Amino acid sequence: MSRAGRGGLAVVALAASLAGCMANGPGGTDDCVATQPIRSSLVRRLGFARQDPDGISEGFDLDGRVSDRGDATACGRADFVTPEGVPGIDNQIARLVPLVEAQAGGVSLDDILKTAINNGQMLLAIELEDLDDERNDSCVTVQLRPLMGTPSLGTDGLIEIGQTFDAREGGVVSRIEGARLADGVLQAGPAELSLPVTILDASFILHVHDALIRIVIDEEGNFTGAFGGGIDIAEMITVSQSLNVPSALMGAVMLLLNNNADLDRDPGTNLCGQISATLLFESVPAFVYD
């Protein structure tokens with residue numbers, strides 16, 4: 001990859017952080033008692049939720065309000081609407097990603113993520129505990145943890161189902177108790193994410209704030225869903241500066257981040273300190289060896 005393409009890692013880091021380890025979630029109830037084995041699923045596809053067409057995007061309402069361009073609380077950033085017509089969706093990364101890809105010479109940030117997953121650099125298990133019913137359960141524990149191993153790929157270029165991986169030694173393991181599963185759709189969060197990221201030779205930890213997760217479970221036990229949350233702009237710029245990005249591209253990335261910030265507004269400066277982001281994922285059943 002060219003040095004310009006490496007600049008896209010600044011935004012890919014957002015993707016990795018959204019697929020990271022959740023901590024400090026809401027507490028569970030006394031009904032959270034495991035009656036089935038832990039259900040482990042390996043994330044094999046991860047990509048940015050983009051706008052298509054303009055103003056339409058998957059995602060979450062992270063700030064509990066519907067904002068337009070005149071909303072000072074969101075620093076004038078208009079929310080998106082889902083394809084189903086749900087308003088108030090916070091996902092400003094959808095506007096930033098194609099601009100960063102263009103600045104980086106057309107490199108696909110989703111392809112960078114795919115490569116990191118397929119070569120074993122960024123393996124993440126989503127695990128469900130305390131699961132009594134695979135369709136409806138009022139109290140499920142969601143655990144996310146990094147794995148290690150060399151995945152086997154199918155003819156479609158994706159990790160095959162049913163493989164065994166080792167839990168990453170010293171990896172951050174995080175849990176959210178009290179998640180709810182209704183009609184096969186699990187909702188968890190808000191929670192803080194903390195992720196050790198390794199892509200190419202870049203290694204760092206990112207944090208995502210007030211993150212939400214949605215998981216849809218199909219009849220074969222596959223998961224599809226989304227992670228969403230707020231990324232701290234100052235931290236993202238610091239990470240970008242550590243990636244040895246060419247100065248011209250670094251300046252463009254910093255400008256794009258600041259111009260699209262929409263969360264955590266400072267009343268004193270009227271500036272937002274975070275940018276909203278959503279990642280879509282697909283995962284398949286796997287076995288995890290402790």
Side-chain angles (χ1 to χ4, degrees), residues 15-25 28 32-47 113-135 137 139-154 156-179 181 184-189 191-199 203 205-206 208 211 213-227 279-290:
S17 64
L18 291 175
C21 302
M22 294 188 174
N24 302 321
C32 291
V33 178
T35 62
Q36 298 184 26
I38 296 174
R39 172 75 65 81
S40 297
S41 190
L42 177 74
V43 173
R44 70 173 185 177
R45 190 196 297 269
L46 187 67
L113 289 171
K114 180 180 178 181
T115 298
I117 292 171
N118 285 352
N119 66 20
Q121 278 189 299
M122 201 169 77
L123 298 179
L124 175 73
I126 303 174
E127 298 181 317
L128 304 184
E129 299 183 17
D130 310 323
L131 186 65
D132 301 311
D133 187 298
E134 296 184 0
R135 296 295 298 170
D137 196 321
C139 188
V140 180
T141 297
V142 181
Q143 175 170 283
L144 295 98
R145 57 174 168 168
L147 306 180
M148 58 184 181
T150 303
S152 174
L153 307 181
D156 58 359
L158 299 174
I159 294 175
E160 294 183 306
I161 297 173
Q163 298 183 62
T164 299
F165 299 90
D166 294 321
R168 184 175 293 278
E169 185 175 353
V172 178
V173 178
S174 302
R175 298 161 61 84
I176 304 176
E177 298 179 345
L181 178 65
V185 180
L186 182 142
Q187 307 276 358
E192 295 297 297
L193 308 185
S194 179
L195 175 71
V197 179
T198 301
I199 302 175
S203 183
I205 295 178
L206 271 179
V208 183
I213 179 173
R214 178 172 59 248
I215 302 172
V216 179
I217 306 174
D218 70 14
E219 294 180 355
E220 286 73 40
N222 302 309
F223 297 171
T224 56
F227 301 95
L279 272 295
L280 306 178
F281 68 86
E282 171 191 308
S283 66
V284 293
F287 301 95
V288 177
Y289 182 73
D290 293 311

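Every heavy atom of this structure was used, including side-chain atoms; hydrogens, water molecules and symmetry mates were not. Fair warning: this is a prediction, and the values are worked out from it, not measured in the lab.
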Shortest non-hydrogen contact from [X] to [Y]?
X	Y	answer
M122	I117	O-CG1, 3.5 Å
L113	L46	CD1-O, 3.8 Å
P146	G171	CG-CA, 3.8 Å
A188	A179	CB-CB, 3.8 Å
L147	A167	CD2-CA, 3.9 Å
F281	A226	CE2-N, 3.1 Å

Taking the side chain as C-beta and beyond, is there a heavy-atom pair between [X] and [Y] under 4.5 Å?
X	Y	answer
V284	L158	no
D130	V140	no
L128	V142	yes

Take Y289 and D166 through the test side-chain contact (heavy atoms from CB on, under 4.5 Å) and record every step on the way to the result.
CA-CA 5 Å; Y289 182 73; D166 294 321; 3.3 Å; yes
Would V208 and F227 count as a side-chain contact (heavy atoms from CB on, under 4.5 Å) here? Give the steps. CA-CA 10 Å; V208 183; F227 301 95; over 6 Å; no
[Y] backbone acceptor or donor facing [X] side chain under 3.5 Å:
X	Y	value
D133	D137	no
N118	G157	yes
R44	I159	yes
N222	D218	no

Hey, what do you get for [atom1] ([X]) to [atom2] ([Y]), rounding to the nearest 0.5 Å?
X	Y	atom1	atom2	value
I213	L186	CD1	CG	7.0 Å
R145	I126	CZ	CD1	13.0 Å
E129	I176	CD	CD1	12.5 Å
E177	Q143	CD	CD	10.5 Å
E160	L42	CD	CG	12.0 Å
F287	Q163	CZ	CD	11.0 Å

Test side-chain contact (heavy atoms from CB on, under 4.5 Å) on I217 and R39 and set out the steps. CA-CA 11 Å; I217 306 174; R39 172 75 65 81; 4.2 Å; yes
(message) Looking only at side-chain N and O atoms, does E127 offer a donor or acceptor that is under 3.5 Å from a partner on S40?
(response)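 A donor-acceptor contact under 3.5 Å links the two side chains.
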